Amino acid sequence: MKTELEQAITASVKELFGLDVSVELTRPEEQFGDYATNVALQLSKQAGKNPREVAEGLAVRIRDSLAEKVASVSVAGPGFLNLTLTESALLAAAKADLPKPLTGQKWVLEYSDPNPFKPLHAGHLYTTLVGDTISRLVERAGAETIRINYGGDVGLHVGRSMWGIVNNLGGELPEKLANIPEAERPSWMGARYVEGTTADEDGRTTHDEVIAMNKRVYQVHADNDHESPFAQIYWTCRQWSYDYFPELYKQLKVKQFDRYIPESEITPPGIQAVTEQLAKGVYEESDGAVVFKGEPYGLHTRVFINGHGLPTYEAKEVGLILTKWRDYQFDRSIIITANEIEQYMAVVYKSIEQFEPELVNRSAHLVHGLVKLQGGIKMSSRKGNIITALDILQAARDAGAETGTNPSEETILAAVKYAFAKNRIGGDIAYDPKESVALEGNSGPYLQYAHARARSILAKAGEQAGAELTGLEPDERSLLRKVTEYTEVVERATNELMPHHICTYLYELAQKFNQFYEHNRVIGSGEREAPRLTLVRHYADTLRNGLELLGIAAPERM
RNA sequence: GCUCCCGUAGCUCAGUGGAUUAGAGUGUCUGGCUUCGAACCAGAAGGUCGUAGGUUCAAAUCCUGCCGGGAGUACCA
């Protein structure tokens, strides 16, 4: 509806003034109408008339040409045009399906990215939920989505974990791993990582041992060693992690990943590409390392291959990006990570731009902030005092239990997902266990409850379907107007890859309904009952659709 | 030092060129359940939109300086 009106008004401007502008409609306060545009203010200079004059001229034109859709047009303030839709146009907008502008496109989305051998901390939970929601958005818009999960199965943290594991087993004794119950594997490995890290940071002797472990892990990969006791431990524990991740995602009710790419897999192509481009002058040698000089582009210089000939994160990232490009030839590639990586990712992309510019054109790096505790303490898995993803869920359960409402697991997930999703992506989010899971106010549970209330009305009324919604009363129209905004909100959230717009909207929608519901009966309202049931159904369907886009369940009752 | 991000009500955040009164939630105070689910609704109080300039018919929103917070700043990721 919005787009149609915009095009029609753009055409009117062209006819009346001979000027090319792209008219954009906004949603004004309800008292002013359903749509508004400030195009007259923009045009007044070019048209050589005062803005109100321009607006009046356009108003006449719109009344004439859009009479079926627009019930009234008024000029307000300095020259705003306010449009009010006809009842039939409003109803048509409420019934309209969401458009699928990304149909035919292939999007590769990388997010979550937990490391094997390490526990998932609160930040992983955040990045996982953000990525899941964004991937749902683009999938809903018609794109083919490929969800990629990248993780470090080699590197210092693995050296530390292996030290902790070997130490705990009392030697390189892979057979003893069988003693660890399956259910305890993730927490057992998490504990070994903490031991390795703590020991590493405490003593020089241990540090040398950890470094040696790290090198042996690389050697396991180089030799494709699956036989030695050390290698058996490594592969077994790595697999434990890869078994655990899908289980966790299932528990979180997020979409499963299409592919896990371990660091070890993309390291060789990364080294190869950097070496090739070194010969072509994209990268250069400096102090024995291979670097990309970022300064000409306003960036930093970063090391891609270090003085020992080992690839750094940057070279690996080159390998990862090229692998995705080679395997998928995507239309868009999105990487979602915490913002501490932002600046060196810019260097990585700038370097790739020198030899694969089209790939870079199609790529974007989305960053979010950190999950912080009260008091601004950064969460880290490097120290012992980690807050894991599961701790967050447990905190939500505990807080939920305190409310005395016995929230279901579905509602706990809704609370956590919504608390993370409602903020604009980019800044840090503060995590207060009590507040973030509060089952009232602008929260996931509020929306679930609002939905369940509406469904309960429909259930009580039985399945009397589809009465026409005509003769709208003011409160009814107000609610229906809000429902029609949904399409535009989803469109905006998708264009900007900003799911929080949907949260803001759904909360406003639910409030609108609760207000309606407070003042108007549905069942037993005589001749309004049938049309009001249709209105409630529109509302409930919209709310459910929005919640599901956010990965939040919309139960019929709770 | 340099680069990037951020600074809106006590707290957590929307709003990022347009509408007399800058919006929510939470917290504080007040009112509303014999009536379709009160996890709700209605109302009050609470803001120099960090700060000083600039651009514009119009700035919380764009530009510049400054102040404050965070991140990065070559062989960790």
Side-chain angles (χ1 to χ4, degrees), chain A residues 26 28-29 31-32 36-38 41-42 44-45 50-51 76-80 82 113 115 152 155-157 263 286-295 298-314 316-317 337-344 346-347 367 369-370 372 374 376 378 382 403-405 407 411 419 422-424 426-432 435-436 438-443 445-450 452-461 500-501 503-504 507-508 510-511 513-525 529 532 536 557-558:
Chain A
T26 57
E29 284 179 42
Q31 52 175 312
F32 297 123
T37 177
N38 60 10
L41 294 163
Q42 294 168 15
S44 70
K45 225 168 218 176
N50 78 50
F80 295 103
N82 292 322
D113 293 354
N115 288 322
L156 189 64
H157 69 281
E263 199 174 309
S286 174
D287 291 339
V290 177
V291 305
F292 179 78
K293 298 267 189 189
E295 282 76 10
L299 302 168
H300 298 127
T301 292
R302 304 284 317 191
V303 171
F304 283 65
I305 296 177
N306 70 23
H308 303 292
L310 294 175
T312 62
Y313 170 84
E314 287 81 348
K316 295 169 185 171
E317 193 65 41
T337 71
N339 56 20
E340 55 195 350
I341 294 176
E342 188 168 20
Q343 286 181 71
Y344 65 71
V347 177
V367 298
L370 301 169
K372 288 187 166 180
Q374 277 235 312
K378 179 181 168 183
R382 297 192 180 165
T403 65
T405 56
T411 296
K422 72 179 180 181
N423 290 341
R424 170 180 265 270
D428 293 346
I429 62 168
Y431 177 66
D432 178 339
E435 205 174 294
S436 71
L439 307 182
E440 54 192 10
N442 184 2
S443 72
Y446 171 98
L447 294 177
Q448 285 189 326
Y449 180 72
R453 264 171 38 146
R455 290 291 172 204
S456 127
I457 295 168
L458 295 171
K460 194 154 288 183
H500 77 285
H501 291 307
C503 295
T504 306
Y507 184 64
E508 288 169 2
Q511 276 189 319
F513 174 76
N514 284 336
Q515 286 161 17
F516 173 82
Y517 182 72
E518 190 75 15
H519 302 299
N520 302 279
R521 288 200 65 82
V522 176
I523 295 171
S525 57
E529 176 172 324
R532 281 182 181 174
V536 171
R557 61 176 77 94
M558 48 192 298

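What you see is a predicted model; the values in this text were computed from it and never measured. Throughout, protein chains are lettered first and strands after them, A, B, ... in sequence-line order, and every chain is numbered starting at 1.
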Looking only at atom [atom1], what distance separates [N] and [M], rounded to whole Å?
| N | M | atom1 | answer |
| --- | --- | --- | --- |
| rU34(B) | rG27(B) | P | 24 Å |
| rU61(B) | rG54(B) | P | 14 Å |
| rG69(B) | rG53(B) | P | 23 Å |
| rU8(B) | rU16(B) | C1' | 12 Å |

Item to check | Among rG72(B), rC41(B), rG18(B), the one nearest Asn514(A) by side-chain distance | outcome: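 So the nucleotide nearest the side chain must be rC41(B).
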Next on the checklist: Let's see if you can work this out: which of rG18(B), rA14(B), rA24(B) has an atom nearest to the side-chain heavy atoms of Asn423(A)?
Outcome noted: rA14(B)
For [X], report the nucleic acid contact type (base, sugar-phosphate, nothing); a contact means any heavy atom under 4.0 Å.
| X | result |
| --- | --- |
| Asn306(A) | base |
| Phe304(A) | nothing |
| Asn50(A) | nothing |
| His157(A) | nothing |
| Ser286(A) | base |
| Thr312(A) | sugar-phosphate |
| Lys422(A) | nothing |
| Ala36(A) | base |
| Gln343(A) | base |
| Gly307(A) | base |
| Glu508(A) | nothing |
| His308(A) | nothing |

Checklist entry - Which of residues 287-294 of chain A have a heavy atom under 4.0 Å from RNA chain B? => result Asp287(A), Ala289(A), Val291(A)
Checklist entry - Taking the six-membered ring for Trp, are Phe32(A) and Phe80(A) ring centroids under 6.0 Å apart? => result no
Next on the checklist: Using modelled atom types and a 3.5 Å cut-off, is there a donor and acceptor pairing between side-chain atoms of Glu529(A) and backbone atoms of Ile523(A)?
Outcome noted: no
Base paired to [N] (Watson-Crick or G-U; both N/O distances under 3.5 angstrom):
| N | answer |
| --- | --- |
| rA60(B) | none |
| rG17(B) | none |
| rA39(B) | none |

Item to check | Rounded interatomic separation in angstrom, taking CZ from Arg557(A) and C1' from rC36(B) | outcome: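 The distance from CZ of Arg557(A) to C1' of rC36(B) comes to 15 Å, rounded to the nearest Å.
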